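All values below were derived from every heavy atom in this structure, side-chain atoms included, with hydrogens, water molecules and symmetry-related copies excluded. Note that the structure is a prediction, hence the values are computed from the model and not measured.
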Amino acid sequence: MKQLSLDNLRTFVSIIELGGYSKAGELLGRSQPAISLQIKKLEGQLGKKLFDKVGQRYQANADGQWLYDQAKQMLAINDDVFRRLEDGQLRGRLRLGIPGEFATRLLPSIVGEFSVRYPDVSLDVTSALSRHLLNANNRKDFDLILALVNPEEPMEGELLIEDDLVWVGDAKQALNSSNLSLVLAPDGCVYRSRVIQQLKQQTNAWKISYTNADLYGLIAAIKQGLGVTVLAKSSVPPELEILKNKRLPPLGKIKICLFNQDTQHPQVSKTLSDYIRSRIT
């Protein structure tokens, strides 16, 4: 009687969801050769190739996509058995603070998986500027905070990556040659402060044409031709493109940090941290 390894299936699913062998290995705590060996064993058992190489990346082929759907169901049943029979099942609320642009990019791929694993834990998400999230009076309101920190500032949290700040906009909209128009978040935004700091060192004219704390509001304004904005490279949404122009000065780096403050549900908080870490690094 043939039996599939759930461990190999979990690795297979992780590769597809995270977009590569190395990221799956980071999440699962395994080396890339170990991940590759698991996939070879799975393919050998099934007698089918599951991935095609496209450029430098591996993408699931038709058989791989079919197996992915089946594997998700098998893993869900397995996890449900342990969850229902586990003593002291975790319950309660986990409070996450996260900048809006990262919430837009990260949460859709995290929330569903997290809620399946911890159905009795309520994920309470607040999107706000990093400065607000890290304020001494506000930090106590969160168990886990993802925030942007300037490179020169002291950092108490875990450094995930030191990312590039990039100019972004709609490539179909031409830059104003005489007066650079900016679409920015309100005062207190790390991006806004860096942009103004850099542009004040130049002689070219510029203006802030639109202000909105919501990323979708900024995207809408950019699509209407109101200007360009700045984001961390890892948070650029698919609706916008990275811009390179001699009128747009380099903006340097920004630190993306994770602050784990939870003592009530440390296991759940660690799991959510792992999800966020694997999708950013």
Side-chain angles (χ1 to χ4, degrees), residues 16-20 23 52-60 98-111 125 127-131 146-148 150 160-256 276 279-281:
I16 293 179
E17 292 184 342
L18 299 178
K23 287 192 174 183
D52 292 331
K53 191 170 184 180
V54 180
Q56 298 299 315
R57 301 188 63 182
Y58 287 90
Q59 294 183 357
I98 185 170
E101 68 274 18
F102 285 96
T104 301
R105 178 180 177 273
L106 295 176
L107 292 185
S109 66
I110 291 176
V111 171
V125 180
S127 296
L129 298 177
S130 296
R131 181 178 177 181
L146 183 71
L148 303 167
N150 282 314
L160 298 184
I161 59 171
E162 195 166 40
D163 205 3
D164 293 315
L165 286 183
V166 293
W167 292 94
V168 295
D170 185 348
K172 298 176 183 177
Q173 303 285 349
L175 285 178
N176 189 317
S177 59
S178 60
N179 197 359
L180 179 64
S181 295
L182 303 174
V183 173
L184 300 173
D187 286 332
C189 172
V190 174
Y191 304 138
R192 181 187 180 106
S193 299
R194 186 74 63 85
V195 167
I196 293 175
Q197 176 186 0
Q198 293 299 319
L199 290 179
K200 280 184 175 179
Q201 299 177 24
Q202 298 194 341
T203 57
N204 294 328
W206 56 274
K207 66 176 182 178
I208 298 175
S209 61
Y210 183 79
T211 299
N212 195 319
D214 178 64
L215 178 62
Y216 286 113
L218 296 179
I219 292 174
I222 290 171
K223 291 295 184 180
Q224 292 298 316
L226 296 186
V228 298
T229 193
V230 169
L231 293 171
K233 189 175 182 179
S234 60
S235 72
V236 177
E239 297 92 338
L240 301 177
E241 295 85 31
I242 296 176
L243 304 176
K244 293 185 179 179
N245 187 288
K246 61 182 181 181
R247 294 195 61 225
L248 303 175
L251 298 166
K253 300 278 189 177
I254 196 74
K255 292 189 289 189
I256 302 176
I276 293 173
R279 284 158 174 79
I280 288 184
T281 57

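Looking at every heavy atom in both residues, I16 comes nearest to A60 through CD1-CB, 3.9 Å. Scanning all heavy atoms of the two residues, the minimum distance from A221 to V183 falls at CB-CG1, 4.0 Å. Scanning all heavy atoms of the two residues, the minimum distance from I254 to A232 falls at CG2-CB, 4.1 Å.
A donor-acceptor contact shorter than 3.5 Å is absent between the side chain of E162 and the backbone of I256. At least one donor-acceptor pair under 3.5 Å links the side chain of S130 to the backbone N or O of L148. S127 places no side-chain N or O within donor-acceptor distance of the main-chain N or O of P99, the cut-off being under 3.5 Å. Judged by distance alone, with hydrogens and angles left aside, the side-chain atoms of N212 form no donor-acceptor pair with the main-chain N or O of G217 at under 3.5 Å. Distance alone, capped at 3.5 Å, places no donor-acceptor pair between the Q198 side chain and the P249 backbone. Between the S235 side chain and the F102 main chain, no donor and acceptor come within less than 3.5 Å of each other. A donor-acceptor distance shorter than 3.5 angstrom exists from the side chain of N179 to the backbone of W206, with no hydrogens or angles considered. Checking side-chain atoms of K244 against main-chain N and O of W167 turns up no donor-acceptor pair under 3.5 Å.
L180 places a side-chain heavy atom less than 4.5 Å from the side chain of L248. Between Q59 and D52, every side-chain heavy-atom pair lies at or beyond the 4.5 Å cut-off. The shortest distance between side-chain heavy atoms of V168 and E241 does not fall below 4.5 Å. Inter-residue side-chain proximity for L218 and L240 is flagged as unmet; no heavy-atom pair is nearer than 4.5 Å. Contact check for D164 versus K253: side-chain heavy atoms found under the 4.5 Å cut-off. P237 is not listed as a side-chain neighbour of R105, based on a closest heavy-atom distance of 4.5 Å or more. Between V166 and V230, the closest side-chain pair of non-hydrogen atoms is not below 4.5 Å. Considering only heavy atoms from C-beta on, V195 stays 4.5 Å or farther from L165 through its side chain.
How far CG of L107 is from CZ of R279: 10.5 Å, rounded to the nearest 0.5 Å. With rounding to the nearest 0.5 Å, the separation of CD in Q173 from CD1 in I222 is 10.0 Å. Atoms CD1 and OG, on I161 and S234 in that order, are 4.0 Å from each other to the nearest 0.5 Å. Atom CG in L160 sits 8.0 Å away from atom CD1 in I276 (nearest 0.5 Å). Atom OG of S193 and atom CG of N150 lie 7.5 Å apart (nearest 0.5 Å). Atom CG of residue D163 and atom CD1 of residue I280 lie 9.0 Å apart, to the nearest 0.5 angstrom.
The pair D187-R192 counts as a salt bridge, with a side-chain nitrogen and a carboxylate oxygen less than 4.0 angstrom apart.
Residue Q224 qualifies as open at atom CD: its count of foreign heavy atoms under 6.0 Å is 12 or below. A 6.0 Å sphere centred on NZ of K223 holds more than 12 heavy atoms belonging to other residues, nucleotides or ligands. When the shell of 6.0 Å around CZ of R194 is examined, it contains more than 12 heavy atoms from other residues, nucleotides or ligands.
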- Item | Verdict with supporting geometry, E101 and Y191, side chain to side chain donor-acceptor pair (under 3.5 Å) | CA-CA 12 Å; E101 68 274 18; Y191 304 138; 2.6 Å; yes

- Evaluate the side chain to side chain contact (heavy atoms under 4.5 Å, CB included) criterion for residues R131 and V190: first the C-alpha distance (whole Å), next the side-chain angles of each, then the deciding distance (0.1 Å), finally the verdict. CA-CA 8 Å; R131 181 178 177 181; V190 174; 5.9 Å; no

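Paired with L182 under the rule side chain to side chain contact (heavy atoms under 4.5 Å, CB included), one option of T211, I196, V228, T229 passes, and it is V228.
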